[in-house]
Amino acid sequence: MAVEGGMKCVKFLLYVLLLAFCACAVGLIAVGVATQLVLNQTMTHGATPSFLLPVVIIAVGAFLFLVAFVGCCGACKENYCLMITFAIFLSLIMLVEVAAAIAGYVFRDKVRSEFNKDFRQQMKNYPKANETASILDKMQKDFKCCGAANYTDWEKIPTMASRVPDSCCVNITNNCGVHFVVKDIHTEGCVEKIAAWLRKNVLVVAAAALGIAFVEILGIVLACCLVKSIRSGYEVM
């Protein structure tokens with residue numbers, strides 16, 4: 001009876017973790033979609049490591065949701081094969097997450113280089129593309145920056161020799177960037193400002209990733225306990 005009661009507790013905890021997995025899956029999909037939208041707005045190249053990362057995040061989120069469903073069915077019916085499948089798939093997800101984290105660290109400088117290159121390319125398109133202009137204006141306004149490295153980058157853009165976009169101004173008004181005074185505009189570049197923002201927030205992402213990993217490890221352990229009980233023939237209903 002002690003074993004039976006213990007396995008009932010394991011099943012209850014596993015159900016709670018499966019709900020957590022579903023929440024994590026939805027969160028991962030949302031983060032992946034948001035990241036993809038940001039990259040689509042700020043970069044022009046495809047099939048690069050920076051563009052593959054959100055795809056991996058979305059795929060992991062969708063797969064985690066499917067694995068949680070398999071685990072729920074296995075725990076509910078106390079099915080040995082389903083629980084083994086759940087434990088194996090959960091282990092694979094952890095490996096993919098570790099690989100994605102390593103890839104993100106390895107390609108961090110390449111991502112910054114690509115962003116710098118694309119930001120400068122979009123600056124060249126600024127005078128003739130309304131969509132590009134609105135994207136750059138939003139970034140410069142939100143991050144209180146001007147240009148890629150600094151505000152002087154705008155001097156190299158045709159038709160922008162003696163002005164900067166109005167979004168560079170400290171107090172934004174119509175045509176405030178024409179014949180500007182340096183003290184009235186943001187002088188820092190956007191590439192470094194955005195990189196600093198990412199470095200500041202990466203600790204939050206790392207903490208969330210560690211939390212998810214802990215939940216996944218706990219899920220694997222509980223699944224293995226339930227598998228052992230099922231294989232031993234104990235009734236845990």
Side-chain angles (χ1 to χ4, degrees), residues 27 30-58 100-209:
V31 168
V33 170
T35 304
Q36 187 66 58
L37 291 175
V38 170
L39 289 177
N40 286 339
Q41 290 180 342
T42 57
M43 294 188 180
T44 57
H45 302 300
T48 60
S50 56
F51 271 89
L52 291 176
L53 185 59
V55 175
V56 172
I57 294 173
I58 293 171
I102 293 173
Y105 179 79
V106 170
F107 291 111
R108 67 191 187 284
D109 292 333
K110 186 173 180 62
V111 171
R112 179 187 170 124
S113 175
E114 285 179 4
F115 176 68
N116 180 55
K117 182 179 178 181
D118 288 339
F119 192 95
R120 291 180 182 278
Q121 180 60 46
Q122 292 196 38
M123 285 178 64
K124 293 178 182 178
N125 297 331
Y126 185 90
K128 55 186 178 183
N130 290 332
E131 183 178 353
T132 297
S134 63
I135 291 170
L136 290 183
D137 283 338
K138 187 175 189 313
M139 281 194 289
Q140 292 189 146
K141 181 180 177 182
D142 290 347
F143 288 94
K144 295 179 170 40
C145 57
C146 189
N150 55 56
Y151 73 98
T152 61
D153 291 332
W154 287 107
E155 296 176 1
K156 305 167 188 175
I157 308 300
T159 73
M160 300 289 291
S162 59
R163 61 167 297 178
V164 295
D166 292 344
S167 55
C168 287
C169 298
V170 175
N171 296 310
I172 299 176
T173 57
N174 191 35
N175 292 326
C176 64
V178 179
H179 304 298
F180 63 91
V181 179
V182 175
K183 67 180 181 63
D184 293 332
I185 65 169
H186 300 294
T187 58
E188 294 180 79
C190 292
V191 173
E192 179 54 37
K193 275 245 180 176
I194 293 174
W197 179 83
L198 289 173
R199 286 194 298 269
K200 180 180 178 182
N201 287 274
V202 74
L203 292 176
V204 177
V205 175

**OP:** Any chance you could measure Ser162, atom OG, to Glu155, atom CD, to the nearest 0.5 Å?
**Re:** 9.5 Å
Original post:
So how far is it from Asn175 CG to Thr173 OG1, rounded to the nearest 0.5 Å?
Top reply: 8.0 Å
**OP:** Find the distance between NZ (Lys138) and CZ (Phe143) and round it off to the nearest 0.5 Å.
**Re:** 8.5 Å
Subject >> Residue pair Pro165 / Met160: nearest heavy atoms and the distance that separates them >> reply: CD-CE, 3.6 Å
Subject >> Closest non-hydrogen atom pair, Cys169 against Gly177 >> reply: SG-N, 3.6 Å
**OP:** With rounding to the nearest 0.5 Å, note down the distance linking CD1 in Ile185 to CZ in Phe180.
**Re:** 4.5 Å
Subject >> Beyond-backbone contact of Gln140 with Cys190, side-chain heavy atoms, under 4.5 angstrom >> reply: yes
Original post:
Where do Cys168 and Cys146 land on the disulfide (SG to SG under 2.5 Å) test, with the steps shown first?
Top reply: CA-CA 5 Å; Cys168 287; Cys146 189; 2.1 Å; yes
**OP:** Check whether any side-chain heavy atom of Ser167 sits under 4.5 Å from a side-chain heavy atom of Met139, and report yes or no.
**Re:** no
Original post:
At their closest point, which heavy atom of Pro158 faces which heavy atom of Pro127, and how far apart are they?
Top reply: O-CG, 3.7 Å
Original post:
Mind checking whether Tyr126 and Thr159 have side chains closer than 4.5 Å, heavy atoms only?
Top reply: no
Subject >> Closest contact, heavy atoms only, Val164 versus Tyr151 >> reply: CG1-O, 4.2 Å
Original post:
How many angstroms lie between CG in Leu136 and CH2 in Trp154, if you round to the nearest 0.5 Å?
Top reply: 5.5 Å
Original post:
Side chains of Asn171 and Asp184: does their closest heavy-atom pair fall under 4.5 Å?
Top reply: no
Original post:
Considering residues, nucleotides and ligands other than Lys193, do more than 12 of their heavy atoms fall under 6.0 Å from its NZ?
Top reply: yes
Original post:
Between CZ of Arg120 and CD1 of Ile157, what distance do you get to the nearest 0.5 Å?
Top reply: 9.0 Å
Subject >> Step-by-step side chain to side chain contact (heavy atoms under 4.5 Å, CB included) determination, Asn150 to Glu188 >> reply: CA-CA 5 Å; Asn150 55 56; Glu188 294 180 79; over 6 Å; no
